[in-house]
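So the structure is just underneath, and the comments pick up after that.
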Number of protein chains: 2
Amino acid sequence: VTAPSDPLTVVIASPLEPELVERIRAVDRERLRIVHEPGLIPRARHVADHDGERPELGPPDLERWLSILGSADVMFDLDWYAPADLPKHAPRLRWVQTSRSGVGESLRRHGLDRSQIVFTNAAGVHAIPLAEFVVLGLLWLVKDLPRMEAEQAEHAWRSSVTRLLAGHRVLLVGLGGLGAEVARLLAGLGVEVWGLRRSDAPAPDGVVRLIRPDEFHTALGSVDALVVAVPYTAETHHMIGAAELAALPAGAFVVNIARGHVVDVPALAAALRSGHLGGAALDVFEREPLPVDSPLWDLPHVLVSPHRASVVDAENRLIVDLFTDNLRRFLDDRPLRNVYDRDRGY
Amino acid sequence: VTAPSDPLTVVIASPLEPELVERIRAVDRERLRIVHEPGLIPRARHVADHDGERPELGPPDLERWLSILGSADVMFDLDWYAPADLPKHAPRLRWVQTSRSGVGESLRRHGLDRSQIVFTNAAGVHAIPLAEFVVLGLLWLVKDLPRMEAEQAEHAWRSSVTRLLAGHRVLLVGLGGLGAEVARLLAGLGVEVWGLRRSDAPAPDGVVRLIRPDEFHTALGSVDALVVAVPYTAETHHMIGAAELAALPAGAFVVNIARGHVVDVPALAAALRSGHLGGAALDVFEREPLPVDSPLWDLPHVLVSPHRASVVDAENRLIVDLFTDNLRRFLDDRPLRNVYDRDRGY
């Protein structure tokens, strides 16, 4: 990847605040040409909405959009109009910075994972809010907030004992950037973090014991909670199924901040309904939006977060921090951060 | 304080599990005589219940209890029967290890704060669960869990943005053992912790800025949340009143884990009802149990915890860890930990 002498055309393809576009422009006013046409791209329905509402374009506007795509060297997010046709519509395109932490599923769906385009994800940006959701979910479960809130609704002052999160043992599946942030926060709270190791990479700070894949089922029997933070790939599809949930001790908790398909949701609902599991905090589901008739909505110790734990008010600023850093790296021919690896699938 | 050559009589006056009494006995089987008569003291209604259900004693049993008190050199908790008469009923008594983190209010109420008896509290034992409650309360407020739970109850999948706790600025009132634990946990979560400094003691780890009392009101205007963790004394009575709450920015949060009387509760309820404050997480109240007609029960962003955030399943073990360490110190004539200071009032 080298920077040409002509300005590089950078096309903003998803909603972004004008002041953030200005920050991108300021990276290099000579070597970059930033194209931001808010009328031709989706409009945000809320802060940090990267899907947005698709524009209704007449033929001339659509023509303009396709011509912009034809000039793109770099894009901020995939084309909203016809993502699968990106290599055809954007023949000069060399790099797409996406606003998603996990982009593999979407690239595979559109057949883009085998293209020559470099994709970078926004993983680190989402790690902090997702790790905060893990802390919130575990405290909500350990302190039995559903009961506290029910008693509050009845104006009932009941003495009883709560539990300490410190000293709990958590098995963390996924030791990448997201897992590292989860491990760091939980360790700071005195949680004993075990991590499932698939590769030979060193354990992130905060993980006190590494579990090999062949030790996984045994380890499940010794922990108080399972936190799923692994990327979604063919290998991780339903890696937490009925057998894994049954291996957890009675009363254990499950937190999923990865992708819905990593956990077999009917098996999870069954293990919660039977009372084997003590509860769950879930930000992701196999079908999203979660169907209105899903049993998960009403199970007593289940927190349903509508895949928004990672979406925070500071998100676009954090993503643009990453994008501007990557733009400088791209211009200087240095390695980009957060490159999607088609062989690993994330 | 020196150990006599006769065995010291240690009277257990509040509920404690037999195996924990055995651990106390094992400290020194020759120099300590442990008196534990479960029939003569309150019976626990739940784990770590230190009040317990008062026994109904006939005259002979009451006589026996008073005679036990008469022999006490050391007690675990105050006399349940007539605490104000302790100096009269227990003339040999030199030291009481209490199971409470804040004991000043109770000692003053019973007129015991001016007695010659040494009182030690169990402050450190409660610091970790209380600090966990602060983390839970702030995450519950920052992530708007009341709204998430209401939407879950409606099976409504709504996209929206949440907030990051990291980067929030918290003003912590009280930098003792409890405040230090709060600061440590919040700093680990990326919160910017400011601490109100009354003494010249150094700031605990995690506190990045010390606020002098004359800067207090100005500082209140610059923070996202106020966490009250100060002991209750004459000086801290209603130290958070209408003026302090009005000085907080609109939408700020308040967390109280100290004592109810540190915060003017009607002023707090008014600031919540008017919408000036964004919410509160409260473990303590001016009147406990909180009256059934208190407005706090039903205010939308208020978490009412019935003074049980500090009560955890591991509590008695932790208190006995402290007590046995203090017993060894007492026998060896070394300074006790957690001594109540009548001049400071805690």
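Values reported hereafter were calculated over all heavy atoms of this structure, with side chains retained and with hydrogens, waters and symmetry mates removed. Protein chains get the first letters and strands the later ones, always in sequence-line order, with residue 1 at the start of each.
Ranking Leu164(B), Leu139(B), Val47(B), Val302(B) against chain A, the residue ahead of the rest is Leu164(B), based on heavy-atom pairs under 4.5 Å. Ranked by heavy-atom pairs under 4.5 Å with chain A, the first of Ala187(B), Gly167(B), Ala156(B) is Ala156(B).
For a residue to count as touching a neighbouring chain, one of its non-hydrogen atoms must lie under 4.5 Å from one of that chain's; by this rule His155(B) touches chain A with backbone and side chain alike. Using a 4.5 Å cut-off between heavy atoms, Ala309(B) touches chain A through its backbone atoms (N, CA, C, O) alone.
Within a 6.0 Å sphere centred on CG of Asp205(A), other residues, nucleotides and ligands contribute 12 heavy atoms or fewer. No more than 12 heavy atoms of other residues, nucleotides or ligands shown are found within 6.0 angstrom of CZ on Arg43(A). Enclosure of atom CD in Glu17(B) by more than 12 non-hydrogen atoms of other residues, nucleotides or ligands within 6.0 angstrom is indicated.
To the nearest 0.5 angstrom, Glu149(A) atom CD is 11.0 Å from Ser305(B) atom OG.
Using a 4.5 Å heavy-atom cutoff, the side chains of Val161(B) and Arg308(A) are not in contact.
Under the salt bridge (Lys or Arg N to Asp or Glu O under 4.0 Å) criterion, the residue pairs touching residues 176-195 of chain A are Arg169(A)-Glu192(A), Glu181(A)-Arg184(A), with sequence neighbours excluded.
Contacts between residues 250-261 of chain A and chain B, defined by a heavy-atom separation under 4.5 Å, are made by no residue at all. At a heavy-atom separation below 4.5 angstrom, chain A is approached by Pro289(B), Leu290(B), Val292(B), Leu296(B), Trp297(B), Asp298(B) within residues 289-301 of chain B.
Not one N or O on the side chain of Thr162(A) forms a donor-acceptor pair closer than 3.5 Å with the backbone of Val312(B).
The minimum heavy-atom distance linking Gly188(B) with Leu185(A) is given by the pair O-CD2, 3.4 Å. Here the closest heavy-atom approach between residue Arg163(B) and residue Asp313(A) is recorded as CG-OD2, 3.3 Å.
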Please tabulate, for side-chain N and O atoms in residues 128-138 of chain B, each donor-acceptor pair with protein atoms closer than 3.5 Å (sequence neighbours left out).
{"residue": "Glu132(B)", "atom": "OE1", "partner": "Lys143(A)", "partner atom": "NZ", "Å": "2.7"}
{"residue": "Glu132(B)", "atom": "OE1", "partner": "Leu165(A)", "partner atom": "N", "Å": "2.8"}
{"residue": "Glu132(B)", "atom": "OE2", "partner": "Leu165(A)", "partner atom": "N", "Å": "3.1"}
{"residue": "Glu132(B)", "atom": "OE2", "partner": "Ala166(A)", "partner atom": "N", "Å": "2.7"}

